[in-house]
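Report on the structure given below.
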Amino acid sequence: MVKKVTQATGATSVGATPAEAMFAADEASRALGIELLEQGEGTAVLRMTVTPATVNGHGIAHGGYLFLLADTAFACACNSHGPVTVAAGADIDFVAPAYEGDVLVATARERTRFGRSGIYDVSVLRGDEVVAEFRGRSRSIRGTTTKESR
């Protein structure tokens with residue numbers, strides 16, 4: 001089941017899903033204006049507008065910010081199941097440049113989960129055009145990773 005997120009700001013609320021709660025605590029992504037639009041079991045859809053602060057010296061979206069958008073979608077998808085899950089590794093292929101003002105949508109889909117591991121694909125699009133393709137490998141961890149538990 002896919003859930004449309006009614007509050008894209010990331011504010012926590014009673015009854016938030018694990019992905020919504022994780023995103024609400026993700027200051028880095030939200031500070032860049034990334035919005036969680038939809039999330040479901042093993043899926044997530046996020047949006048980001050390319051700003052002057054996210055373009056490189058060539059006037060195109062910096063690859064690090066494209067990676068961050070895709071990685072955040074991956075994180076929301078792989079944390080949708082409940083256990084705290086982190087990246088074990090990831091790769092990205094940049095297919096087309098994005099420019100200031102472009103609205104990018106990252107759609108993450110679970111390919112498979114096995115044991116405590118999983119594989120997720122994320123497509124970053126500008127309209128119908130693919131900008132980047134990302135593959136993330138996840139690992140669920142035992143216990144918590146909050147600052148309070150250290």
Side-chain angles (χ1 to χ4, degrees), residues 1-51 53-55 61-96 98 102-150:
M1 181 172 101
V2 172
K3 178 182 178 184
K4 300 272 186 191
V5 178
T6 57
Q7 190 170 26
T9 62
T12 58
S13 64
V14 176
T17 67
E20 289 170 322
M22 185 216 58
F23 184 76
D26 185 347
E27 295 287 333
S29 295
R30 290 187 305 106
L32 289 172
I34 294 175
E35 301 171 280
L36 174 61
L37 302 177
E38 298 176 17
Q39 64 84 47
E41 291 288 312
T43 66
V45 179
L46 286 83
R47 176 175 56 209
M48 177 183 88
T49 300
V50 179
T51 67
T54 61
V55 296
H62 191 291
Y65 290 110
L66 296 177
F67 188 97
L68 187 145
L69 172 62
D71 186 55
T72 302
F74 161 60
C76 289
C78 68
N79 277 280
S80 67
H81 299 290
V84 174
T85 305
V86 296
D91 299 296
I92 192 164
D93 291 301
F94 302 109
V95 178
D102 285 352
V103 176
L104 305 177
V105 175
T107 302
R109 291 184 182 85
E110 181 179 278
R111 302 299 296 156
T112 189
R113 282 192 313 152
F114 48 98
R116 292 176 27 229
S117 299
I119 298 173
Y120 294 77
D121 287 336
V122 182
S123 294
V124 178
L125 290 94
R126 173 186 46 237
D128 292 332
E129 183 182 10
V130 175
V131 172
E133 290 288 344
F134 172 105
R135 174 159 277 190
R137 297 168 303 283
S138 68
R139 184 77 170 168
S140 295
I141 59 175
R142 296 182 178 112
T144 63
T145 60
T146 62
K147 286 193 289 189
E148 295 79 25
S149 67
R150 286 190 234 160

Q) Do E41 and T43 come close enough that some side-chain heavy atom pair is under 4.5 Å? A) no
Q. Which residues satisfy the side-chain hydrogen bond (donor to acceptor under 3.5 Å, both in side chains) test with T85, sequence neighbours excluded?
A. S140
Q) In chain order, what residues pass the ring pair (Phe, Tyr, Trp, His ring centres under 6.0 Å) check against Y120, with sequence neighbours excluded? A) F74
(Q) Applying salt bridge (Lys or Arg N to Asp or Glu O under 4.0 Å) as the test, list every pair that has at least one member in residues 74-91; sequence neighbours left out. (A) D91-R137
Q: For D26, check salt bridge (Lys or Arg N to Asp or Glu O under 4.0 Å) against everything at least two apart and list the hits.
A: none
Q.
Do V105 and L46 make a side-chain contact, defined as non-hydrogen atoms from C-beta onward lying under 4.5 Å apart?
A. no
Q. Heavy-atom distance under 4.5 Å between the side chains of E20 and L36, does that happen here?
A. yes
Q: Report the residues that fulfil salt bridge (Lys or Arg N to Asp or Glu O under 4.0 Å) with R113, sequence neighbours left out, ordered by chain and then residue number.
A: E110
**Q.** By salt bridge (Lys or Arg N to Asp or Glu O under 4.0 Å) - contacts of E129 (at least two apart)
**A.** R126
**Q.** Heavy-atom check, side chain of T17 versus side chain of Q39, under 4.5 Å
**A.** yes
Q) Looking at side-chain heavy atoms only, is the closest gap between T54 and H62 below 4.5 Å? A) no
(Q) Before you tell me yes or no, could you show the steps for V95 and V131 under side-chain contact (heavy atoms from CB on, under 4.5 Å), namely the whole-Å CA-CA distance, both residues' side-chain angles and the distance that decides it to 0.1 Å? (A) CA-CA 5 Å; V95 178; V131 172; over 6 Å; no
Q: Give the intermediate values and the outcome of side-chain contact (heavy atoms from CB on, under 4.5 Å) for residues T72 and F23.
A: CA-CA 8 Å; T72 302; F23 184 76; 3.9 Å; yes
Q.
With a 3.5 Å distance limit and no angle check, can you tell me whether R30 reaches the backbone of A24 through a side-chain donor-acceptor pair?
A. yes
Q. When rounded to the nearest 0.5 angstrom, what distance separates CG in D93 from CZ in F134?
A. 11.0 Å
(Q) Suppose we screen for side chain to side chain contact (heavy atoms under 4.5 Å, CB included). Which residues come up paired with L125, at least two apart in sequence or across chains? (A) S123, V130
Q: Apply salt bridge (Lys or Arg N to Asp or Glu O under 4.0 Å) to D121 and R135, showing your working.
A: CA-CA 5 Å; D121 287 336; R135 174 159 277 190; 2.6 Å; yes
Q | Where at least one partner belongs to residues 69-82, residue pairs that pass salt bridge (Lys or Arg N to Asp or Glu O under 4.0 Å), sequence neighbours excluded | A | none
Q: For the residue pair L68 and L32, establish whether any side-chain heavy-atom pair is separated by less than 4.5 Å.
A: yes
Q) For A19, does its backbone N or O pair with a side-chain atom of S80 as donor and acceptor, under 3.5 Å? A) no
**Q.** Qualifying residues under side chain to side chain contact (heavy atoms under 4.5 Å, CB included), relative to T49, sequence neighbours excluded
**A.** V103
Q. With sequence neighbours left out, what residues match R139 under side chain to side chain contact (heavy atoms under 4.5 Å, CB included)?
A. A88, R116, S117
**Q.** Set of residues satisfying side chain to side chain contact (heavy atoms under 4.5 Å, CB included) with respect to A61, sequence neighbours excluded
**A.** V50, L66, A98
Q) Closest approach of A44 and A73, non-hydrogen atoms and distance? A) CB-O, 3.7 Å
Q. How long is the span from the CZ atom in R109 to the OG1 atom in T107, to the nearest 0.5 Å?
A. 5.5 Å
